[in-house]
Structure formats: C-alpha cells, structure tokens
Amino acid sequence: MADYKQMWTDLGMDLEKHDLLCEVLPEAFGGVYLSQQNRPQGMGFYDFVVSEIHGVRPAEMLEHQKQGGKVFGTFCVYVPDEVVFAAGGIAAGLCGGSQFWVSGGEKVLPANTCPLIKASVGARLDKTCPFFLIPDMYVGETTCDGKKKAWEILAGEVPFHIIDVPQMKRDKDVAAFEAEIMDFIAMVEKVTGNKITAERLGESIKLINNKRKGLQRLYNARKASPVPISGKDALLVTQIAFYDDPARCAQMANQLAEELEERVARQEGVFPANALRIMVSGTPMAIPNWKLHHIIETAGAAVVVEESCTGTRYFENLVDESATTVEGQVRALAERYMKTNCACFTPNPGRVEDIVRLADEYKVDGIIDTNLQFCNLYSTESFLVKQALADKGLPVMHIETDYSEQDYEQLRTRIEAFLEMLRK
Amino acid sequence: MESHEYDWYILFPNHHQGLRLNRELKEQGIKNTIAPTPREASTSCGMSLIVGEADLESIMAVIEAKSIIIEKIVKIARKEWQYRSC
Ligand code: SF4
Ligand code: SF4
C-alpha cells in the first residue's frame with residue numbers, strides 16, 4: 001500500500017490522530033459516493049484524488065518546495081490565485097470541512113464560531129492535515145469577524161498576509177481592492193523571489209480563466225433534464241478544484257464535461273427526468289462536507305446547482321485578458337473579484353439577483369438556502385433571500401447546520417417534508 | 001451492479017500500479033472503481049480497486065499479461081451503512 005508515513009512524520013503530523021481520520025474516510029466516501037448508480041466515468045479521477053487525499057497532492061507540493069517553489073494557503077475565493085501562480089508559486093484553498101478537526105478549533109475559539117473556522121484552525125493546531133502544514137505562508141482576508149480574529153491565532157503558527165477585502169462595492173472600494181492586489185503582488189514577489197511581469201501575470205490570468213471555463217462547462221451540462229451528473233459528484237469536483245493544479249483541474253473538468261454533454265445528447269441522466277431539481281445556496285461546503293447533498297439526493301431530488309463559494313461563486317465571471325500592463329491586469333482582477341457576491345458585503349443585492357437568475361437558468365423547483373451554524377452573515381441574509389424568492393413565487397427553505405451527524409435525521413425529515421410539498 | 005454481500009478489493013504497493021490496472025481494465029471494458037482502501041483490508045490508506053467477483057479471473061490474466069504489481073486481493077463483507085461525518 002501507498003506509504004506516506006515518512007512524509008507525514010517529516011511534516012510533524014500527529015500520526016495517531018490522523019489515523020483516526022484515515023479509518024473513517026473510506027467508509028464515509030463509500031457510502032456517500034460509491035453507492036451512487038451510473039456515475040460518469042470521468043469521476044474516476046476525483047475518486048482517485050479522495051483515495052490518495054493526504055498523499056499525492058501534498059507530495060507534489062513538497063516536491064515543488066524542494067525545487068525552491070513556495071506554497072500559499074488561502075481561505076476565501078477573494079484571494080487572487082493568479083498572483084501566486086504568476087510568481088511560480090502554488091495556491092491551495094485550505095478551508096476545513098471535516099468534523100474531525102472541529103474539536104481542535106474549539107480548544108482556542110469561542111463555541112459560537114462557525115465550524116468552517118473551527119475546522120480550519122483545528123486542522124493546523126492538531127497537526128492532522130498535511131495541506132495545513134505545508135504552506136510557507138497563509139493568506140487571509142477581512143471578510144467575516146470570525147475569520148479575522150482566527151487569523152491572529154493562526155499567525156502565531158505560520159507567516160501570514162491579510163488582504164483587506166472591502167465591505168461595500170462602490171467605485172472607491174474597487175479601487176481600494178486594486179491597491180490591495182498591488183500590495184499582495186509585492187508580498188508574493190518578496191516571498192518567492194520572483195518578479196511578476198505583465199507577461200507572467202497575463203499567462204496566469206489565462207490559466208485560472210481556463211480552469212473557470214472548464215468548471216462553467218461542467219455546470220452548464222447540469223442545466224439539462226435529466227441531469228447527467230449528481231449534485232454530490234459536481235460538488236466533489238469543485239471542492240477538489242480548490243487545491244488541485246489549475247491546468248490539470250481544467251483538463252479533468254473539460255474531460256468530464258465532454259462525457260456529460262454526450263449523456264445529455266443521449267438524454268441519459270442519473271435521476272429520472274421528472275425528479276425535483278434543487279438549488280443549494282449559501283455558505284461553502286469544504287471537503288469532506290457532503291451532508292446536505294447526500295440527504296437531498298437520497299430523498300430522490302437532484303441538486304443541480306450550488307450558489308456558493310464551492311459552486312458558482314468560485315468560477316462565474318472571467319478576468320478580462322486584454323490588458324498588457326501589470327496595472328491594467330490588476331484593474332481587471334479587481335473588477336472580476338469584486339463581482340463575487342458574498343454576504344460579507346453590504347448592501348448585497350447582487351447575491352439575491354444571482355439566486356433568482358440561477359433558479360431560472362437551471363430550472364429549479366425549489367431552493368434550499370443554507371448556512372453553517374453561527375454564520376451571522378448568511379443567516380441574516382437568508383431573510384432577504386426568502387423575501388425575494390417569495391416575490392418571484394420560488395419555494396425556499398432555510399437550513400442552518402454544522403458538520404456533525406447529530407442533526408442528520410432531523411434534517412432529513414425537514415427536507416423530505418419540503419420535497420413532498422414541492423411534489424404537490 | 002449485481003447485489004451480493006461481498007466487495008472485492010485489489011490493493012497495490014503504490015498508486016502507479018493501481019492506476020495502470022484501472023486503465024487496462026477500462027480499455028477492456030471490465031468494470032472497476034477506484035476507492036479508498038477500507039481499514040479492514042489494510043492499515044495503510046491509499047487507493048484500491050473494487051471489482052466484480054465474476055471478473056476476477058480475467059483481471060488476474062490482465063495483471064499477469066501487463067506485469068502489474070498488486071499487493072493482494074481482499075474480500076470484504078458489506079456492512080449496514082449509516083451516515084457518519086468525517
Ligand atoms: S463565503 Fe464569503 S468569506 Fe467565505 S469563502 Fe466565500 S467569499 Fe470568502
Ligand atoms: S461560513 Fe460565515 S462565519 Fe463561517 S467563515 Fe464563512 S462567512 Fe465566516
């Protein structure tokens with residue numbers, strides 16, 4: 001069997017604790033993923049990534065470091081990966097989605113912190129995840145309060161850079177974000193020792209745009225009825241996109257999309273054509289958080305789109321590729337990133353508009369608006385989401401949940417009742 | 001898939017061998033699924049292949065013909081599954 005023990009020991013991992021996770025993952029993944037029928041062949045790659053989750057990609061990153069390259073860990077879709085790759089670095093999304101890491105975070109964070117933050121801090125402090133131990137630097141942002149304060153704890157562990165993400169979207173805020181990207185460039189240049197020229201940044205913008213286009217193409221196939229891929233499988237693709245090599249990510253997403261397009265042409269689906277089509281909107285679902293999708297899909301409805309950072313917010317909107325100077329490219333980056341509609345902005349009408357638009361594009365029967373427990377931003381915004389969707393006559397239910405299995409049966413009952421109502 | 005109470009897992013010394021067999025079997029149209037190795041099969045984690053019992057003989061022939069190195073083939077009883085966070 002693959003033996004990564006030496007690599008994990010060298011990283012200073014807590015092998016005993018880590019082993020507990022290794023024990024649970026195969027069964028959980030088997031029951032949630034491998035039990036599905038008629039999965040696209042292209043999912044084999046993603047099953048492989050999960051099977052070797054703490055082995056293959058971490059080994060690639062360590063090899064990159066051995067060659068003198070740097071690795072940057074990030075926690076938000078507002079951090080422009082383009083800058084890191086332009087300097088020959090690797091950016092890896094680190095958001096923690098494992099219940100296994102939550103208790104480690106709880107040792108230092110208030111109980112009323114969202115599980116994503118608890119898991120992210122816990123993964124580092126407990127030394128149970130190679131991805132959290134490899135980066136030369138973490139890059140945080142000023143989005144929600146919980147994260148902002150967590151950065152100060154993590155900064156005691158690893159060099160930290162914080163990008164000041166504006167709270168509003170006026171022209172002067174876009175300009176401020178532009179200046180932040182300039183500072184980020186200077187910092188990444190310093191850490192990597194590589195100059196970010198217009199040529200390199202231009203290539204990197206194309207690289208990340210290609211990854212977005214691959215994911216867009218894949219999601220596009222989900223607009224078909226019957227839907228050619230399950231929501232669980234599509235979610236896994238997006239989750240893995242956060243830390244995979246961007247060129248390989250684009251290649252694999254395009255390959256899978258091609259297979260899905262063939263299915264669509266044959267009218268082949270993984271759910272019957274009359275199955276309910278559900279949108280999940282709200283907070284991100286970092287790997288291995290598959291709880292809600294699993295409940296919805298085992299109740300017979302298909303998740304056809306995610307309005308979330310592990311969904312459309314990750315890849316909608318491309319960066320304009322026409323600029324030829326670093327200043328122009330940074331302006332284009334700022335404009336693209338500031339189009340993302342996260343609940344940390346006020347006011348944030350764009351997100352509600354996105355949900356209404358996606359409901360139409362993906363022909364959904366209902367929306368499950370969800371947020372992680374103690375996420376004040378998305379929880380508050382759910383009021384406005386509900387209001388807007390009611391105006392459009394779109395059925396919506398709100399769910400607040402965490403990573404644990406404790407509310408599993410209760411959620412299942414509520415979701416089944418919602419689906420029953422939609423079927424009437 | 002036919003319903004039986006066992007799953008057959010092929011384990012490998014490393015993922016290169018596993019991916020090789022995966023590719024060969026795919027080419028020959030023999031069903032196989034990449035899966036994380038269950039704890040009952042081995043204490044080290046990593047990929048293995050789930051295959052059908054009826055295909056075992058032809059799979060062994062492929063392994064031999066292509067000199068693919070496997071670690072072992074394990075038969076694991078299916079358990080009742082319950083959702084569990086990981
Ligand atoms: S939900 Fe907001 S804060 Fe969280 S990753 Fe997305 S953009 Fe960043
Ligand atoms: S889910 Fe909410 S509370 Fe948690 S990190 Fe994201 S914005 Fe912050």
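Letters A, B, ... mirror the listed sequences (proteins, then strands); counts begin at 1. Reckoned from all heavy atoms, side chains included, excluding hydrogens, waters and symmetry mates.
Taking each heavy atom of A/Q41 and B/K26 in turn, the nearest pair found is OE1-CD, 3.1 Å. Taking all atoms of both residues into account, the shortest heavy-atom contact from A/P288 to B/C86 is CG-O, 3.5 Å. In plain terms, the two heavy atoms of B/P36 and A/S51 that are nearest each other are N-OG, 3.0 Å.
Taking CD of A/E52 as the start and CD1 of B/I34 as the end, the distance is 9.5 Å to the nearest 0.5 Å. Atom-to-atom distance recorded for B/E40:CD and A/E23:CD is 9.0 Å, nearest 0.5 angstrom. Residue B/C45 holds its SG atom at 10.5 Å from CD1 of A/I53, rounded to the nearest 0.5 Å.
With chain A as the partner, the residue from B/A35, B/A41, B/P38 showing the most heavy-atom pairs under 4.5 Å is B/A35. Contacts with chain B were tallied for A/A28, A/G30, A/S35, A/G31; A/G31 has the most, counting heavy-atom pairs under 4.5 Å.
For a residue to count as touching a neighbouring chain, one of its non-hydrogen atoms must lie under 4.5 Å from one of that chain's; by this rule A/Y403 touches chain B with the backbone only. Contacts between A/D19 and chain B at a heavy-atom distance below 4.5 Å involve backbone atoms as well as side-chain atoms. Interface remark: A/H294 contributes side-chain atoms only to the contact with chain B (heavy atom separation under 4.5 Å). Heavy atoms closer than 4.5 Å to chain A are found in the side chain of B/L19, but not in its backbone.
Counting heavy atoms from C-beta outward, A/C22 and B/R39 have side chains that approach closer than 4.5 Å. With contacts defined as side-chain heavy-atom distances shorter than 4.5 Å, the pair B/K79/A/E27 qualifies. Two residues are said to be in side-chain contact when any heavy atoms from C-beta on lie closer than 4.5 Å; B/Y83 and A/V32 meet this criterion.
Enclosure of atom CD in A/E262 by more than 12 non-hydrogen atoms of other residues, nucleotides or ligands within 6.0 angstrom is indicated. The neighbour count for A/E63 CD, taken as heavy atoms of other residues, nucleotides or ligands under 6.0 Å away, is above 12.
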